[in-house]
Amino acid sequence: MTGGGKDLKNRYKSYCYLSKTLKNLKHLYQKLTFTEYDRIGEVVFRATRCCRIKRSSIQFAGAPCKGSILIEFAVCMPILIILLFYINDLIKIKRYYSQSEFMAQQMANVIQNISQKRTDKRITQTDFTYAFAVSHQTMYPGKTMYYSGKGHGIFHLPLANIYCVKGIENGKASCLWRAGVWTNSDSVISPETLLHDVTQAGVNNSIINYKTNASASEIYPNLKIDSGEIKVIVELFSEWNTYFKDNVGNQKSSLKEALGLYAITPKCRIKNPYAFFNTVVVFIPKMGLFSEDPPQ
């Protein structure tokens, strides 16, 4: 007769408790999970409000915005110009080093092949001068390295050092002789007049250390040589000095001006402050080109 009324009442109570429990759990979950999202929303709201205020001030005032843009422009433009000068100098210095490396490889190649069609294949000092003149056409085209009129074609001049090194026991080596070729003189007007010498001593414009019975790395850090082996080291570099003039008689008061640089001064790798862009190539000479005696 009751139609299950007691059961319905108990079921209603259980559903009521369950719904309250679920609501409490949902509220707790929202409180724990969405706190950071509420903070973010508050920040976004504040940022949006600020943007609206700024937009309205720009729209109705106008002057403060234009002034801030002019200030930013005045601050950024000098920095941009300086960066452009630095980029220009870095590209030029990179090109100078690339040209110097190419010339050193060319000179080593010419030395290896210049006497191959002769009966006497031994390299002479004259061979050094012609190898020097041919290989330096990359950086000093035409007659720019020679004296003409009131000076040279370019404000800096090329020089070269050629070392002959022999390996001895226990990873050591000895320098047998050094040959030099240079152009920084008014008497150098053609390849035939290039100045050259051969000595058994080092010079202050070289990154190669002239030593005997020393570790190979002390002569040159990348030098590796076996006992009894002979290797040739070709070193090229450029030199600048205040008395260098072009063929019109103009001078440059600084190294940067001589190289056409604006913001960067190339670092000198040796004690001589006028020598730069030193590049080294080490090779094993062909049979019969060199001996322990200096070239004639």
Side-chain angles (χ1 to χ4, degrees), residues 99-140 145 157-183 188 190-203 205-238 275 277-296:
Q99 289 177 337
S100 184
E101 291 174 1
F102 179 74
M103 290 187 301
Q105 295 172 0
Q106 287 292 98
M107 186 168 180
N109 186 33
V110 173
I111 292 174
Q112 289 277 60
N113 296 283
I114 194 172
S115 63
Q116 291 303 303
K117 293 184 178 181
R118 296 199 308 242
T119 304
D120 186 2
K121 293 182 173 55
R122 288 180 297 178
I123 296 296
T124 65
Q125 295 185 40
T126 305
D127 294 332
F128 284 148
T129 59
Y130 281 108
F132 178 91
V134 171
S135 60
H136 278 76
Q137 289 297 308
T138 301
M139 187 181 291
Y140 302 90
M145 76 174 79
L157 298 173
L159 295 89
N161 290 315
I162 303 100
Y163 294 84
C164 185
V165 184
K166 183 177 182 180
I168 54 180
E169 297 178 353
N170 301 322
K172 294 184 178 181
S174 293
C175 294
L176 301 177
W177 46 264
R178 181 203 65 87
V181 184
W182 64 95
T183 60
V188 178
S190 64
E192 294 82 4
T193 59
L194 283 169
L195 301 176
H196 55 85
D197 68 343
V198 176
T199 63
Q200 292 181 325
V203 288
N205 58 5
S206 175
I207 60 176
I208 309 299
N209 298 313
Y210 192 97
K211 293 187 175 182
T212 57
N213 195 21
S215 174
S217 59
E218 293 180 14
I219 298 174
Y220 181 64
N222 296 334
L223 178 61
K224 296 180 180 180
I225 189 168
D226 297 330
S227 177
E229 187 179 31
I230 291 181
K231 285 190 174 182
V232 176
I233 303 174
V234 173
E235 178 192 20
L236 302 185
F237 59 97
S238 296
F277 302 142
N278 296 67
T279 304
V280 174
V281 170
V282 182
F283 65 95
I284 300 175
K286 292 181 179 179
M287 187 69 66
L289 294 184
F290 296 100
S291 64
E292 296 186 13
D293 299 325
Q296 303 298 315

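Remember, predicted model here, so these are calculated numbers, not experimental data.
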Within this structure, what is the [atom1]-[atom2] distance for the pair [X] and [Y], rounded to the nearest 0.5 Å?
{"X": "Tyr130", "Y": "Ile114", "atom1": "OH", "atom2": "CD1", "value": "9.0 Å"}
{"X": "Lys172", "Y": "Asn213", "atom1": "NZ", "atom2": "CG", "value": "5.0 Å"}
{"X": "Asp120", "Y": "Ile123", "atom1": "CG", "atom2": "CD1", "value": "9.5 Å"}
{"X": "Asn113", "Y": "Asp127", "atom1": "CG", "atom2": "CG", "value": "11.5 Å"}
{"X": "Phe277", "Y": "Ser100", "atom1": "CZ", "atom2": "OG", "value": "8.0 Å"}
{"X": "Gln296", "Y": "Arg122", "atom1": "CD", "atom2": "CZ", "value": "8.0 Å"}

- Item | Derivation of the side chain to side chain contact (heavy atoms under 4.5 Å, CB included) call for Val234 and Phe283 | CA-CA 8 Å; Val234 173; Phe283 65 95; 3.6 Å; yes
- Item | Pairing residues for Phe132 by the ring-ring contact (aromatic ring centres under 6.0 Å, His included) criterion, not counting sequence neighbours |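 Phe132 satisfies ring-ring contact (aromatic ring centres under 6.0 Å, His included) with His136 once adjacent residues are dropped.
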- Query: Just one of Asn109, Val110, Ile111 clears the side chain to side chain contact (heavy atoms under 4.5 Å, CB included) bar with Met107, so which one?
  - Reply: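 Going through Asn109, Val110, Ile111 one by one, the side chain to side chain contact (heavy atoms under 4.5 Å, CB included) with Met107 is satisfied by Ile111 alone.
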Heavy-atom donor-acceptor pair, [X] side chain to [Y] backbone, under 3.5 Å:
{"X": "Ser115", "Y": "Lys121", "value": "yes"}
{"X": "Asn161", "Y": "Glu235", "value": "no"}
{"X": "Gln125", "Y": "Pro295", "value": "yes"}
{"X": "Thr129", "Y": "Leu194", "value": "no"}

- Under the side chain to side chain contact (heavy atoms under 4.5 Å, CB included) rule, what do Met139 and Ser238 come out as? Steps first, then yes or no, please. CA-CA 10 Å; Met139 187 181 291; Ser238 296; 3.9 Å; yes
Considering all heavy atoms of both residues, which atom of [X] and which atom of [Y] are nearest to each other, and what is their separation?
{"X": "Leu157", "Y": "Met145", "answer": "CD2-O, 3.9 Å"}
{"X": "Pro294", "Y": "Gln200", "answer": "CG-NE2, 4.3 Å"}
{"X": "Ala133", "Y": "Pro191", "answer": "CB-CB, 4.0 Å"}
{"X": "Ala160", "Y": "Phe237", "answer": "N-CE2, 4.5 Å"}

- Item | Parallel, tilted or perpendicular: ring planes of Tyr163 versus Tyr210, cut at 30 and 60 degrees |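 Answer is tilted, since the angle falls between 30° and 60°.
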Is any side-chain heavy atom of [X] closer than 4.5 Å to a side-chain heavy atom of [Y]?
{"X": "Leu236", "Y": "Pro158", "result": "no"}
{"X": "Val165", "Y": "Ile219", "result": "yes"}
{"X": "Cys175", "Y": "Tyr220", "result": "no"}
{"X": "Lys211", "Y": "Ser174", "result": "no"}
{"X": "Met103", "Y": "Gln137", "result": "no"}

- Query: Where do Val203 and Arg178 land on the side chain to side chain contact (heavy atoms under 4.5 Å, CB included) test, with the steps shown first?
  - Reply: CA-CA 9 Å; Val203 288; Arg178 181 203 65 87; 3.7 Å; yes
- Heavy-atom neighbours of Glu192 CD exceed 12 at 6.0 Å: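 Yes, the 6.0 Å shell around CD holds more than 12 heavy atoms from other groups.
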- Query: Has Gln116 got more than 12 heavy atoms of other residues, nucleotides or ligands less than 6.0 Å from its CD?
  - Reply: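 Atom CD in Gln116 is packed in, count exceeds 12.
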Which side-chain N or O atoms in residues 221-233 pair as donor and acceptor under 3.5 Å with protein atoms at least two apart or in another chain?
from: Glu229; atom 1: OE1; to: Asp226; atom 2: N; distance (Å): 3.0
from: Lys231; atom 1: NZ; to: Lys224; atom 2: O; distance (Å): 2.4

- Query: Can you pull the salt bridge (Lys or Arg N to Asp or Glu O under 4.0 Å) pairs that have at least one residue in residues 283-296, sequence neighbours excluded?
  - Reply: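 Found Lys166-Glu292.
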